[in-house]
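Chain A is the first sequence line, chain B the second, and so forth, proteins listed ahead of strands; every chain is numbered from 1.
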Amino acid sequence: MSKRHLCIAITGAGGAGVISCGELLLQAWAHEGGRGLLRKAYGPQIRGGESAALLKLTDDERYTAASHYDLVVALDWDNFSRFEDEIRLGPRSWVLCDEADELPASVLAARPTVLQLPFAELASTCHAEGRVNMLVLGVLGRLLGLPVGSMVELAAQKLARKPQAYRDAATACIEGGASRPMACDLPVPPTAATGACYMSGNQAAGLGALEAGIRFVAAYPITPASDVLEWMAGGLEQLGGQLLQAEDELAAINMAIGAAFGGVPAFTATSGPGLALMTESIGLAVASETPVTILNVMRGGPSTGIPTKSEQSDLNIALNGLHGDAPHLVLAPLDIADCVFTTGWAVQLAQQLQTAAIVLSDQFIGQSTAIVSEPRRYIPATAAPATPAEGAYLRYKLTSSGVSTLAAPGDAGHRFTADGLEHNENGTPSARQSDHQRQLAKRQDKLADFGFGDDWAQVNGSGPLALLCFGSSSAAVNEAADLLAERGSPARVISLRLLAPLQTAALRAAVEGCSAVVVVEQNHSGQLFRYLKGHADFPQAVHSYAMAGPVPLAPEAIAQAVTEMINP
Amino acid sequence: MSKRHLCIAITGAGGAGVISCGELLLQAWAHEGGRGLLRKAYGPQIRGGESAALLKLTDDERYTAASHYDLVVALDWDNFSRFEDEIRLGPRSWVLCDEADELPASVLAARPTVLQLPFAELASTCHAEGRVNMLVLGVLGRLLGLPVGSMVELAAQKLARKPQAYRDAATACIEGGASRPMACDLPVPPTAATGACYMSGNQAAGLGALEAGIRFVAAYPITPASDVLEWMAGGLEQLGGQLLQAEDELAAINMAIGAAFGGVPAFTATSGPGLALMTESIGLAVASETPVTILNVMRGGPSTGIPTKSEQSDLNIALNGLHGDAPHLVLAPLDIADCVFTTGWAVQLAQQLQTAAIVLSDQFIGQSTAIVSEPRRYIPATAAPATPAEGAYLRYKLTSSGVSTLAAPGDAGHRFTADGLEHNENGTPSARQSDHQRQLAKRQDKLADFGFGDDWAQVNGSGPLALLCFGSSSAAVNEAADLLAERGSPARVISLRLLAPLQTAALRAAVEGCSAVVVVEQNHSGQLFRYLKGHADFPQAVHSYAMAGPVPLAPEAIAQAVTEMINP
Amino acid sequence: MTEAIKLKAKDYKSEVKPIWCPGCGHFSVLNAITKAMAGLGINKDNTVLVSGIGCSSRLPAYVDSYGFHGVHGRGLAIAQGLKVARPDLTVLALGGDGDGFSIGGNHFIHACRRNVNMTYIAMDNEVYGMTKGQASPTTPMDWDHSKLTPHGPGVRPFKPAALALASGAPWIARGYSGNPNQMAKLIAEAVAHPGFSFLHVMSQCITFCPEQTDWKAIVTEHEGPALANADEAAKVFLHEDGFQTGLLYCEPRPSWPPVSDKPVDGNALAGLAASFRV
Amino acid sequence: MTEAIKLKAKDYKSEVKPIWCPGCGHFSVLNAITKAMAGLGINKDNTVLVSGIGCSSRLPAYVDSYGFHGVHGRGLAIAQGLKVARPDLTVLALGGDGDGFSIGGNHFIHACRRNVNMTYIAMDNEVYGMTKGQASPTTPMDWDHSKLTPHGPGVRPFKPAALALASGAPWIARGYSGNPNQMAKLIAEAVAHPGFSFLHVMSQCITFCPEQTDWKAIVTEHEGPALANADEAAKVFLHEDGFQTGLLYCEPRPSWPPVSDKPVDGNALAGLAASFRV
Ligand SMILES: Cc1ncc(C[n+]2csc(CCOP(=O)(O)OP(=O)(O)O)c2C)c(N)n1
Ligand SMILES: Cc1ncc(C[n+]2csc(CCOP(=O)(O)OP(=O)(O)O)c2C)c(N)n1
Ligand code: SF4
Ligand code: SF4
Ligand SMILES: [Mg+2]
Ligand SMILES: [Mg+2]
């Protein structure tokens, strides 16, 4: 592979601190100008199960999940075994484990180089309360060439609320670990510029939403979306906004609609089961033309499914889950940094077009943390001065753009009653065909005719083969394209950010000259594939590569499958 | 037009009894072996608004809604005017109204032949408490050649709970009306065989469900589905089943799932907003493989929309409204009589395939009443003997058909815990990719590989043009095909009864040899059109004719639009 | 003040004609609301009426203020979001017994508990009027007029005041559609109460429950001041026939959200973004 | 009877290993349930445990009976549908405070009102355990451990017993995870009660609310027989600290649906079809 990656997995029991170890390692790496991704994996237990810190250090900020690992640190092998599906080793991999351990046959079968250290003994030599995870941090830090002082300081910050002895032990173990040279010559990727951000996709989405003007959030916890809401709670308090914990998702979406009706940009975040509960009222936002943004952080489905793992299987419901003809916006951020941009854009579009926007993030980008260059922001065009109202105020006035003036309570003389019943321009309920058809057309045309600009997708490369994807698959698909290029099949990658309304003309232009299109996505039934076939009228042959979660999409597998599709 | 129709509209104020008049007329007509349809239209008021009985008498049982009326009886013109969108008149139409009335200009502009009677005076001459609606019944009965005795008897049955004087008045007025010859030579369609049924689509669906084995119904009222539930309440009582009125649709669907888990075939009925609330738990039925049937009687959308009028705009949500990859059954009855067949079939399929079935009826067929020949029933193939369990019972065992043995509480030794979390064959929660992908495939393949037979669609005609539709559009599309044939463009009509899983091979075979396909549906955005394009890979050009409600699809308009599409 | 001239009740009515049946109790609630608004001299532009779906829930369109006719059962959620986001507005939520106690039951108990400073008017006719007469959670056990429950619902009706009390509502009153003047007074007091106020109105459905005209004879007026003690109130609410009108219970407690005295930090957004920089 | 030999509590446990944190109160509820089942000599094949989603709701898989792990908040609805369709089964619903009082609040109050003959066990740890420690409807106002409500929820917690009583539950008891023997006894009584029985269990979440180990010190046992009068019960439930255990209230009333004595008509289906023929 041409890219310089270093993939490290640290596995252990739930309480063993492997996640802290991974976080501190990545933070210290960030301070040196490094780039990298941390994915956290847990078992179903809330506490005391298995956990893994899955690190990928790379200088190109293309954060695919690693599938093959260069280095595995197993604090014990029992907990490692729960991740065997995900953590692949090979003959060029290194394994670091306790001296006393006997390695499982499956691991030995991969023929890695094994390094063994007396973990527990070393840790307790460093400090009476010494813990192995900090020792490992020191060892790995040295491998990456990180300054010991930086790791110690970051650990001290993280452990600020712990007793002094605990912190001392951490320092001693980090220093002890860092003092042990490791006979391991793994190539360390070069570092990039400093001045980056260290954030999860969920935090990035929250930041994007607040920057775009969200000042009201209604919240009902659900994995893996709760941490968006938790992060925003703090932010809103500083901004003088409000967060309201709702009794359920039905309340959450309606509270957001209520706040938005009051003129306060409003938001909620959820995952599949919660989105399903919200659809009736998202339809109300569409029909009453009340702006609202819903971030849906996808997890494994259907039903309760696999709550802690990622999948892209809520595309169907996001696009088509509303009853009646209910056109609305659906967007998807392409990576962690793009969560800032796309969520911000969604909020602005929802406000401007007076409709509901669903943002499809997922557990992979939502709950992974990465070091990213300063994320791009959506800069709204300076708003055209509001057209002065002619005659009496008509809330649902038919205009050339389909967008009517939206008053808010407090505005003098613009009183109206918002309604989810079909209505005439004035908002008065009407069952007449003429009113119905006009308002249906208005709500559809205001989206269809809007100029969304160039951000509807990110287009990379220019090969005669088009790989089409949305949201978080983008990184894996771009990496697959690199592999294909190396193998003589250059491909262009079109990563859709705006899924509805689909920019069919731009999309067709983007695939122009391609002999084949392959739609890649992380679900079982090829939801994007079906949607694009239904809407885009590609002249080319269109193929589907759809692979359900929970294991992340693998570039190598995509590249292979695509090769077979185009050379049958 | 080659078909012999007679279309009669009777309009009046809410309390004026025009609906009773229409019902009695149609019942008496049925007794003579006639065929016909009664559509009821109301204003938004619960009482005291406008209402209309819209009758179509025809001998072919193709019950499209009338758009052009041969005879309009307006008890007053104020209430008539509310229906002007729907009740079209022409120079060959007849109008019957009160002697004292001045006709509105818009009516006169159509140049109908006007007959005027002293309605109120005649009624009170017949009986001191005489009512105009019964007088009109008599007049119209004579026009159709109905025996007075039959009308009088049916009225007496209908009014059984009213005071004697009230009934006497009705008799007198019917007789009085029937004694008045009307100078009106409208062609009365021939009568067919007697021995027909008189039913609404909602009743027919209820009957189909009970005949197919439903013994538990969970109910939350919603227009236009409440009357299914109301009718079934009586039926269930006789059958020893149970109806449980739920606090909301969330409870209703889960109560049905609970009963079905108990081995009792279970059902609920709703409309768009209620379906939206149910989708999360329909996903639970899919994931836990619990059979359940949901009848969705479509109304105008989105949101609260137009509750009392028909539309086919819940196709999107029915097909794609569940989060995650959640394959399930979607069916649609083609007409009132077919509600018996298709609902019964859906129930049997849900049971056999252990999944959720959504049946898409709509207000038009659901709440219209028609005289129909004895409806066809779904006859289940004799079930293959249950494969004897090998080894321990595995609830979600991977089998060649994808269907596993479904035990119910009380079955000895088959204990299991049904789960909406992803699980292994045993039902134990599992987040492993291998279990997830196998169970996803099982749930999809058991539908995809099943042999649904020939009832997936009704195919009529064999022209080189294919008209494709689903559910209640079928009648209008078939009538449009007749018009096209008359005009030299013979078309075949494919009316889909099974929408998911889509029978793509059969569908492609059905359109073989056609040069163009036109997808016709009653909604704004062309939901069926998009779905078919996404799934069917037609080699032909595919066109869309999508017209939102609430006015029913008009065969003439369809025929015209199709002609323009194929001869551009 | 844009509205210098004192407005009358009729000035608070909009031009939309109610779809209600002649004789429906909801007319009287409409009258009482506009009367209370006139009495309070309320600013139309700063007032919002929010509802769900039902005959009762049609009311907002008939008042000349801002309004939101939401979806079935969710009016209280919309209203709470609105009031929390815009504490400067006067917010009234309203709807029927089906809307509020059946599909909306969860929002009802949670609104009582949450105690946002707003008013909720439940227009209780013990029936689903709009869907043509099915039993609601307040329908008598043996009411057998619905084909859905031909022998009556067979289930004990809710006592909404008892439920509100147990859920934490600090202000509970009852009105009757036959007494719009009293109702107007109660609405004005409800709006003035600094917290969640629950006004339960017995509002007859003349079409599906004509027997409710008998209510006239059994309605009584609560004597003396409102109870200020939950125990005593519970005793009354669990046993009463549900026809005692007036302000029945009032035990104020701080409403949510608490008013923040923290000044908003103008640089907060920049600070949030900066917090991610390494 | 297929199970002639008397089974012990452990025989009612399944082979699935709980995902709970060591020290979680829910283990104790599991023990009490299996103990009660053994005590009742219950037939595993005729018993169903139904739940929603949460740590607590994982319980059915750990018992060797039939089970349904449903979706969040809807366990009570599944259980009622099942029991009404299959009155021969013993049906227990269970779940957490989030599942039962937050998202499932409407089903809770309606189940209390409907009074189907089944048992509901609410495993209350005053927190959303499964989603990592947010405030639930029973969380103390000032509990500030969640980032979602960093100053505490600021809203008065529900008193589940008071809510159940006001909603019409005829049988209300409370258990504590620290006393599984008492809990087992209460579960057996709950199952025996011919109607809806509500068992509120204080079941600590050791991970997100370690302070709940203090409950030990404040739990008391209700003395004497259960109250049989709603007024008196209301007085207790509105004021108690929520740590009184035992059978607190029992006032039986006929459960729903009433048992029908009408013989089922074997020709009913044919009759229904015939009723449409003209
Ligand atoms: C989700 C949903 N379910 C059901 C309905 C149908 N529905 C409309 S109004 C109503 C009941 C209205 O009863 P109530 O709230 O008591 O108001 P009333 O008409 O008696 O004033 C129902 C069930 C709906 N609109 N939406
Ligand atoms: C519709 C839906 N919303 C939210 C969630 C997320 N969720 C899972 S469990 C839970 C709360 C569990 O709390 P509780 O019922 O008290 O159980 P505990 O874990 O404390 O035992 C939530 C909010 C979900 N699974 N489904
Ligand atoms: S049906 Fe009843 S509640 Fe509805 S408008 Fe008529 S009288 Fe009022
Ligand atoms: S998080 Fe709390 S409730 Fe959940 S298993 Fe752990 S201790 Fe129990
Ligand atoms: Mg009502
Ligand atoms: Mg809990």
Undergrad: Which donor-acceptor pairs sit under 3.5 Å apart between chain B and chain C?
TA:
| residue | atom | partner | partner atom | Å |
| --- | --- | --- | --- | --- |
| B:Arg47 | NH1 | C:Thr207 | OG1 | 3.1 |
| B:Tyr220 | OH | C:His72 | NE2 | 2.8 |
| B:Tyr220 | OH | C:Tyr128 | OH | 3.4 |
| B:Glu230 | OE2 | C:Gln134 | NE2 | 2.8 |
| B:Glu237 | OE1 | C:His151 | NE2 | 3.0 |
| B:Glu237 | OE2 | C:His151 | NE2 | 2.7 |
| B:Gln245 | NE2 | C:Ala135 | O | 2.8 |
| B:Glu247 | O | C:Ser102 | OG | 2.8 |
| B:Glu247 | O | C:Ile103 | N | 3.1 |

Undergrad: With sequence neighbours left out, write down each residue that passes side chain to side chain contact (heavy atoms under 4.5 Å, CB included) with C:Ala79, or none if nothing qualifies.
TA: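 With sequence neighbours excluded, C:Ala79 shows a side chain to side chain contact (heavy atoms under 4.5 Å, CB included) to C:Val50, C:Val91, C:Ala93, C:Met118, given in chain and number order.
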Undergrad: Can you tell me which portion of B:Leu243 sits under 4.5 Å from chain C's heavy atoms? Options are side chain, backbone, both or neither.
TA: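 Side chain only.
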Undergrad: Got a sec, which residues hit side chain to side chain donor-acceptor pair (under 3.5 Å) with B:Glu84, two or more places apart in sequence or on another chain?
TA: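 Per chain and number, B:Glu84 pairs via side chain to side chain donor-acceptor pair (under 3.5 Å) with B:Ser106.
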Undergrad: Against chain C, label B:Ile222 side chain, backbone, both or neither, depending on which of its atoms sit under 4.5 Å from a heavy atom there.
TA: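 For B:Ile222, backbone heavy atoms alone lie under 4.5 Å from chain C.
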Undergrad: Heavy-atom distances under 4.5 Å only: say whether C:Pro150 touches chain B with side chain, backbone, both or neither.
TA: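 Side chain only.
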Undergrad: Looking only at heavy atoms and a cut-off of under 4.5 Å, which of C:Gly105, C:Ala135, C:Gly129 has the most pairs with chain B?
TA: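 Top option by heavy-atom pairs under 4.5 Å: C:Ala135.
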Undergrad: Which bit of C:Cys55 is near chain B, if near means a heavy-atom gap under 4.5 Å: side chain, backbone, both or neither?
TA: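 Side chain only.
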Undergrad: Would B:Leu250 and C:Ile103 satisfy side chain to side chain contact (heavy atoms under 4.5 Å, CB included), going step by step from the backbone distance to the final call?
TA: CA-CA 9 Å; B:Leu250 304 164; C:Ile103 193 168; over 6 Å; no
Undergrad: Applying ring pair (Phe, Tyr, Trp, His ring centres under 6.0 Å), can you list everything that pairs with C:Phe208, at least two apart in sequence or on another chain?
TA: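 Ring pair (Phe, Tyr, Trp, His ring centres under 6.0 Å) check on C:Phe208 returns nothing, list empty.
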Undergrad: What option among B:Pro44, B:Gly48, B:Gly43 has the most heavy-atom pairs under 4.5 Å with chain C?
TA: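 The residue among B:Pro44, B:Gly48, B:Gly43 with the greatest pair count is B:Pro44.
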Undergrad: Under 4.5 Å heavy-atom distance to chain C, tell me which part of B:Pro273 shows up: side chain, backbone, both or neither.
TA: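 Answer is neither: B:Pro273 stays 4.5 Å or more from chain C.
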